[in-house]
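To start, the structure under review is shown below, and the notes come after it.
What you see below is based on every heavy atom in this structure, not just the backbone, and it leaves out hydrogens, waters and symmetry mates. A, B, ... follow the sequence lines: proteins, then strands. Residue 1 opens every chain.
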There are 2 protein chains.
Amino acid sequence: MQITSYTDYALRVLIYLARSPEKQTTITEIAEFFNISRNHLVKVVHQLGSKGFVKTTRGKGGGLALQRPPELIRIGDVVRCMENHFNWVECFDPAQQECRLLPNCGLKQLFARAGIAYLDILDSATLADVLLGITTID
Amino acid sequence: MQITSYTDYALRVLIYLARSPEKQTTITEIAEFFNISRNHLVKVVHQLGSKGFVKTTRGKGGGLALQRPPELIRIGDVVRCMENHFNWVECFDPAQQECRLLPNCGLKQLFARAGIAYLDILDSATLADVLLGITTID
DNA sequence: GTATAAGATATATTTATATTACATCTTTTG
DNA sequence: CAAAAGATGTAATATAAATATATCTTATAC
């Protein structure tokens, strides 16, 4: 039970950007800082861009920056956008046949409620909240 | 974001057993019923046995049965026992180095709270609750 | 207007993990 | 003791995640 490193990286990118709000930051810089694959990060950033979390600018002198202030970025929203499915149990998957004999068992609803509770907590915090207490490094 | 089919199968085994409390049920029977790999199910059942959810009896005429009434089996406990880790974010993993620059960022705590909320909901229901409304088939 | 620095995109490869399969052992009862 | 059932360990396969490579597009600087 774990989020993918894809989502994990997305959160780290946002945290990194929130710490240097003034300047344009490059993907290469972030990848080297966290010592993770630049190529993978490119996709993460791209998706963050398409979802409106960051603004990317191509070309010389380009890079990325937060599109909204950290106070307006809810962690739950980020996780929702980056994780590609929340099929907590198999019968959630629309591609799946309905469970052989238990079409009305309570499992599905129970896990649905648990998933909502999970995301609710994540929604209760913004990027700004998460940053509290982080000492500036650079 | 999904539980493993391992955990999924465990829940189905328990549901199946709860529906036929009188007799000994064999792994083969359950595997055929749900049309899933018997071999995988063997391990699931074994772990369910070692965790005290089912009582397995070897030998001719053996099989398995619930060790406790369904009212006393909380779904959350089953999930806790079957999933092998809850490292919601990478920095949960004890084997992992501490996050390069953000040793005191709030992410870890936030996800910890979300995970607790998730399991809390699952704890709020027992196997008996999940079974309500299931029509007996056999 | 060309060179360069940046992100965008697609494909392939590698790695990790989950799942399944196979083989053999142990226990129990008839 | 034979058969039926679970127990256990190892190997193979399948799936998904992560990484690598290559090429394309955009924008700025000179």
Residues which pass side chain to side chain contact (heavy atoms under 4.5 Å, CB included) with A:Ala18, listed by chain and number, not counting sequence neighbours: A:Leu66, A:Pro70, A:Leu127, A:Leu131
Given C:dA8, D:dA18, D:dG6, the nucleotide with the shortest approach to the side chain of A:Thr56: C:dA8
Length of the NE2-P vector between B:His46 and C:dT19, whole Å: 19 Å
Parallel, tilted or perpendicular: ring planes of A:His40 versus A:Tyr6, cut at 30 and 60 degrees: tilted
5' precedence on DNA chain C between B:Thr7 and A:Thr26 (nearest-nucleotide basis): A:Thr26
Per-nucleotide protein contact string for nucleotides 20-30 of chain C, where B marks a base within reach and S marks sugar-phosphate only (heavy atoms under 4.0 Å, - for neither): BBB---BBBS-
Interatomic distance, A:Met82 CE vs D:dA17 P [rounded to whole Å]: 13 Å
For atom CD of A:Gln2 and atom P of D:dA16, their distance in whole Å: 17 Å
Test side chain to side chain contact (heavy atoms under 4.5 Å, CB included) applied to B:Ile30 - qualifying residues, sequence neighbours left out: B:Val13, B:Tyr16, B:Leu17, B:Thr25, B:Phe34, B:Leu41, B:Leu64
Rounded interatomic separation in angstrom, taking CG from A:Leu64 and C1' from D:dT26: 15 Å
Rounded distance in Å - CD1 (B:Ile30) to C1' (D:dA5): 13 Å
Euclidean distance, atom CD of residue B:Gln24 to atom C1' of D:dA4 [Å, nearest integer]: 13 Å
Those residues that, when tested against A:Arg38, pass side-chain hydrogen bond (donor to acceptor under 3.5 Å, both in side chains) (two or more places apart): A:Thr28
Separation of C:dT19 P from B:Ile3 CD1 (nearest whole Å): 10 Å
Sequence-distant partners of B:Lys51, side chain to side chain contact (heavy atoms under 4.5 Å, CB included), two or more places apart: B:Gln47, B:Phe53, B:Cys81
By side chain to side chain contact (heavy atoms under 4.5 Å, CB included) - contacts of B:Ala65 (at least two apart): B:Gln24
Length of the CG-P vector between B:Leu41 and D:dT8, whole Å: 16 Å
